Amino acid sequence: MHDIRAIRDDPEGFAAACSRRGAVVDTAAILALDAEWRRVVTANQEAQERRNALAREIGEAKRTDKDTADLEAEATALKARMADSESDAARLQSERDGLIAVLPNLADADVPDGQDESANRLHRAWGEIPSFSYDAQEHWALGESLGTLDFTRAALLSGSRFTVLHGAMARLHRALASFMLDLHTSEHGYRETGVPHLVLERVLFGAGQLPKFGEDVFRTTTDHWLIPTSEGPLAALYADDTLDGAKLPLRLTARTSCFRSEAGAAGRDTRGMLRQHEFEKVEMVSLTAEEDSERELERMLSCAEAVLQKLELPHRVQVLCCGDMGFSAAKTYDLEVWLPGQKNYREISSCSNCRDFQARRLGMRYRAQEGRKFVHTLNGSGVAVGRALVAVLENYQQENGEVAVPEVLRPYMGGVEKLTSESVL
RNA sequence: GGAUGGGUGGCCGAGCGGUUUAAGGCACUGGUCUUGAAAACCAGCAGAGGUUAAUGCCUCUCGCGGGUUCGAAUCCCGCCCCAUCCGCCA
């Protein structure tokens, strides 16, 4: 959410910054609503001031047994006149804020211009792209021949875009999540947090998923929303609060399921478990003072990269261009892992600095020496568990179709060092 | 889901139609005193918004939303949350 004062102070500059994000903003309409709202609010406050004075006068007059009929008549008339303009004020404010709420965060200066992923900028790369003496298989082929990635039964239970994991494959998936949480909590200073998967509308509004992207999110019959990522509940954990600035940064991590309707993704990644309606993700969220968020973004990126490095998975980091960033982000790094079967890099993590954009929507502040300020929020996958499983399968595959277990995951696998064919039935 | 009792500033806590512009205490901050500290004393101490060149002035906020009234922390209605008991349940 943008500060209305930023628009009042420099409408042209604000509009230009929006258009860099590919958003069209009618600042004249916003400012017209704002001016009218301020006019009505000021008039109302003056009327209220008079009403308060009258009530005091009446109180004093009654104590001395004076006649109050005239004063009461004036107060009654004033009250009747105010009713309409009060609802006008509420309507004007909500119209104004409605126009602002759909505007994306503005991009940092060092974010490249551009409309889509072709304008993203390579930041760095890590690891050798492996060469295989045979045609490397995709994860779904490996999983199906092992018998432990089961898309048939998943479709039976839930339709398309779901996966059933059997035996050692399920354990490897769990091992990945445990490994990531252990790494972030014991080495990166994040506090593990268990959060609900069903949240109220305001949580998704605060994160920026609503009001614009409601069709991507599942909603229950009880007006709860299924989280598309734990970024929302983690970032909103201290909504409406004023945090002690000395206790920042606050670093939180959670493993949750994530639910996405994937509206508009028809035909993309239909094979395998790359794009699911339900998947697990380990998320990192940091709340920082405003002067620390840039440094925190670099740190968070390193924490996500550490996961892939310890798993020895080759990857690269891209700086997303203005047009490829999510709604709430001011700057985003995407972490892309190499998939030998796909012969392509695929996103496995996205680390963003949202600056004060989400905190304004959430009313989340901190006390600094200079006064109260909005906290800066950052979020990053650390990393997507399902896609990490895909990456392990494709990178650790062997010619006979078996898959080695990465060294760091072996303590979590009860002695299992490779995935072999399992007969499930 | 049912019953009862509660929700007042950072915390405790009074108030239960009109000198409450929310008493008092604790905590916190500054000052006086002191070699320093403690104590004591003095002062300050919520947030959001409007308005102003500015000092200021004003409005709103006693869980949330309505209502009654000239006037609501206080009365009425609805909802939320907390506690306890019952029911149900992993």
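To find a chain, count down the sequence lines: A is the first, B the second, and so on, and within it residues start at 1. The structure displayed is predicted, hence computed values, not measured ones.
Side-chain polar atoms of A/Arg372 and A/Thr242 form a donor-acceptor pair below 3.5 angstrom. Looking only at atom types and distance, the side chain of A/Thr229 has a donor-acceptor partner in the side chain of A/Lys281 under 3.5 Å away. Side-chain contact annotation: A/Ser328 with A/Asn105, donor-acceptor N/O pair under 3.5 Å absent. Residues A/Asn379 and A/Glu231 bring a donor and an acceptor atom of their side chains to less than 3.5 Å of each other. The closest side-chain donor-acceptor pair between A/Thr148 and A/Glu422, if any, does not fall under 3.5 angstrom.
Listed candidates were B/U59, B/G50, B/C70. Nearest to the side chain of A/Thr42 is B/G50. The listed nucleotides are B/C58, B/U51, B/G18; the one nearest the side chain of A/Gln45 is B/C58. Across B/C70, B/G50, B/U59, the shortest atom-to-atom separation from the side chain of A/Ala55 is found for B/C70. Residue A/Asn52 places its side chain closer to B/C60 than to any other of B/G18, B/G50, B/C60.
For the pair A/Arg56 and B/G18, the criterion of a side-chain N or O lying under 4.0 Å from OP1 or OP2 is not met. In terms of phosphate contacts, A/Arg8 brings a side-chain nitrogen or oxygen within less than 4.0 Å of OP1 or OP2 of B/G50. Regarding contacts with the backbone of B/G71, a side-chain N or O of A/Lys79 is found under 4.0 angstrom from either OP1 or OP2. Within the 4.0 Å cut-off from OP1 or OP2 of B/C70, not a single side-chain nitrogen or oxygen of A/Arg51 is found. Distances shorter than 4.0 Å separate none of the side-chain N or O atoms of A/Asn44 from OP1 or OP2 on B/U59. Within the structure, a side-chain polar atom (N or O) of A/Arg5 is placed less than 4.0 Å from OP1 or OP2 of B/G49. Checking the phosphate oxygens (OP1, OP2) of B/G50, no side-chain nitrogen or oxygen of A/Arg39 falls inside 4.0 Å.
In this structure, A/Arg202 atom CZ and B/G65 atom P are separated by 13 Å, rounded to whole Å. Separating the CD atom of A/Gln93 from the C1' atom of B/A48 is a distance of 11 Å, rounded to the nearest angstrom. Distance A/Leu71 CG to B/G18 P: 19 Å, rounded to the nearest Å. When the P atom of B/C70 is taken as reference, atom CD1 of A/Ile58 falls 8 Å away, rounded to whole Å. Between A/Asp244 atom CG and B/A27 atom P there is a gap of 19 Å when expressed in whole angstrom units. A/Arg360 has its CZ atom 14 Å from the C1' atom of B/G49, to the nearest Å. In this structure, A/Arg367 atom CZ and B/C28 atom P are separated by 14 Å, rounded to whole Å. The distance between atom CD of A/Glu86 and atom P of B/G50, rounded to the nearest whole Å, is 17 Å.
Note: A/His277 and A/Phe162 have tilted aromatic rings, judged against thresholds of 30 and 60 degrees for the angle between ring planes.
Nucleotide B/G1 is matched to B/C86 when pairs are restricted to Watson-Crick or G-U wobble geometry with both distances under 3.5 angstrom. For B/G10, the paired nucleotide is B/C26, the pair qualifying as Watson-Crick or G-U wobble because both relevant distances are below 3.5 Å. In this structure, B/U59 and B/A48 make a Watson-Crick or G-U wobble pair, each of the two defining distances being under 3.5 angstrom. Remark: B/A40 base-pairs with B/U32; criterion is Watson-Crick or G-U wobble with both hydrogen-bond distances under 3.5 Å. The partner of B/U69 is absent, by the rule that a Watson-Crick or G-U pair needs both atom distances under 3.5 Å.
Taking the P atoms as reference points, B/G15 lies 28 Å from B/C28, given to the whole Å. For B/A72 and B/G66, the C1' atoms lie 14 Å apart once the distance is rounded to whole Å. Annotation: B/A22 and B/A46 have their C1' atoms spaced 12 Å apart (nearest Å). Separating the C1' atom of B/C62 from that of B/C11 is a span of 16 Å, rounded to the nearest Å. Separation of the P atoms belonging to B/U19 and B/C60 is 15 Å when rounded to the nearest angstrom. Between B/U32 and B/G47, the distance separating the two P atoms is 26 Å to the nearest Å. The separation of B/G18 from B/C75, taken at their C1' atoms, amounts to 14 Å, rounded to a whole angstrom. A gap of 12 Å separates the C1' atoms of B/A38 and B/C33, to the nearest Å.
Residues A/Glu46 and A/Ala73 both approach RNA chain B. Their nearest nucleotides, taken by heavy-atom distance, put A/Glu46 toward the 5′ side. Each of A/Arg372 and A/Leu54 was assigned the nucleotide of RNA chain B with the nearest heavy atom; the assignment lying further toward the 5' end belongs to A/Arg372.
Rounding to the nearest 0.5 Å places CG of A/Leu183 at 10.5 Å from OH of A/Tyr190.
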